[in-house]
Amino acid sequence: ELPDDAYVWINHNGSMFSVQVAHAGAGYRGPGVLANVALRKAPHGCSGAWEVTNARAKEGWGPLAYDIAMEYVGHEGIMCDRASVSDDAAKVWDFYLNSR
């Protein structure tokens, strides 16, 4: 559940977008940001999927930001960064593979 003063903000700019979950009044990367996931339209086709290029979240908030990103792009889908995946991000992807 979102805290009463929280919001979700989606910034879509052409081939890139980001999802932010934060407390009201939080700056883009301020202390009130609970999660932020940035994506870009994947290069080289990839069946039209969106590639996660950056993700930061306070513990437990990452999956909500990923859920919102998945809902936003619909059937196009999202995929992990093709260059690197942190240990924390791998745990989120593993969660989706085994628990969703």
Side-chain angles (χ1 to χ4, degrees):
E1 289 186 29
L2 284 175
D4 289 339
D5 69 338
Y7 68 92
V8 173
W9 178 68
I10 297 173
N11 182 20
H12 192 152
N13 184 8
S15 63
M16 301 178 77
F17 79 95
S18 64
V19 173
Q20 183 181 73
V21 180
H23 289 288
Y28 181 67
R29 292 187 184 263
V33 175
L34 301 171
N36 189 38
V37 177
L39 301 96
R40 70 176 177 161
K41 196 66 164 172
H44 315 297
C46 295
S47 298
W50 290 82
E51 178 183 11
V52 174
T53 59
N54 192 339
R56 295 176 190 261
K58 292 188 177 179
E59 187 160 345
W61 289 99
L64 175 62
Y66 277 70
D67 284 346
I68 294 166
M70 281 186 255
E71 183 70 23
Y72 186 72
V73 302
H75 71 278
E76 293 176 343
I78 69 172
M79 63 183 183
C80 63
D81 188 315
R82 293 330 219 190
S84 68
V85 177
S86 69
D87 290 342
D88 288 338
K91 290 175 188 174
V92 172
W93 288 106
D94 186 61
F95 172 78
Y96 279 101
L97 177 64
N98 296 305
S99 301
R100 291 279 169 113

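Computed from a predicted model, the values in this text were never measured in an experiment.
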What side-chain donor-acceptor pairs closer than 3.5 Å can you find for residues 84-93, not counting sequence neighbours?
from : atom 1 : to  : atom 2 : distance (Å)
S86  : OG     : A89 : N      : 3.0

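- Linking Ile, Leu, Val, Met, Phe, Trp and Tyr residues whenever their side-chain heavy atoms come within less than 4.5 Å places L39 and F95 in a single cluster.
- Few gaps surround CG on D94; more than 12 heavy atoms of other groups in view lie less than 6.0 Å from it.
- Under the 4.5 Å side-chain criterion, counting only non-hydrogen atoms from C-beta, E51 is not in contact with C46.
- Using a 4.5 Å cut-off between side-chain heavy atoms of Ile, Leu, Val, Met, Phe, Trp and Tyr, with links allowed through other members, L34 and I10 fall into the same hydrophobic cluster.
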Contacts under 3.5 angstrom, residues 69-77 side chains, donor-acceptor by atom type, not counting sequence neighbours:
from : atom 1 : to  : atom 2 : distance (Å)
Y72  : OH     : H12 : ND1    : 2.8
E76  : OE1    : K41 : NZ     : 3.2
E76  : OE1    : W50 : NE1    : 2.6
E76  : OE2    : K41 : NZ     : 3.4

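- Residue N98 places its CG atom among more than 12 non-hydrogen atoms of other residues, nucleotides or ligands, all under 6.0 Å distant.
- One finds the CG atom of N36 at 8.0 Å from the CH2 atom of W9 (value rounded to the nearest 0.5 Å).
- Atoms CZ and CZ, on R40 and F17 in that order, are 13.5 Å from each other to the nearest 0.5 Å.
- Heavy-atom minimum distance, V33 versus K58: O-CE, 3.5 Å.
- Heavy atoms only, all atoms of each residue included: A55 and V52 are closest at CB-CG1, 4.3 Å.
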Quiz prompt | From CA spacing to verdict: side chain to side chain contact (heavy atoms under 4.5 Å, CB included), Y96, D67 | solution = CA-CA 10 Å; Y96 279 101; D67 284 346; 2.4 Å; yes
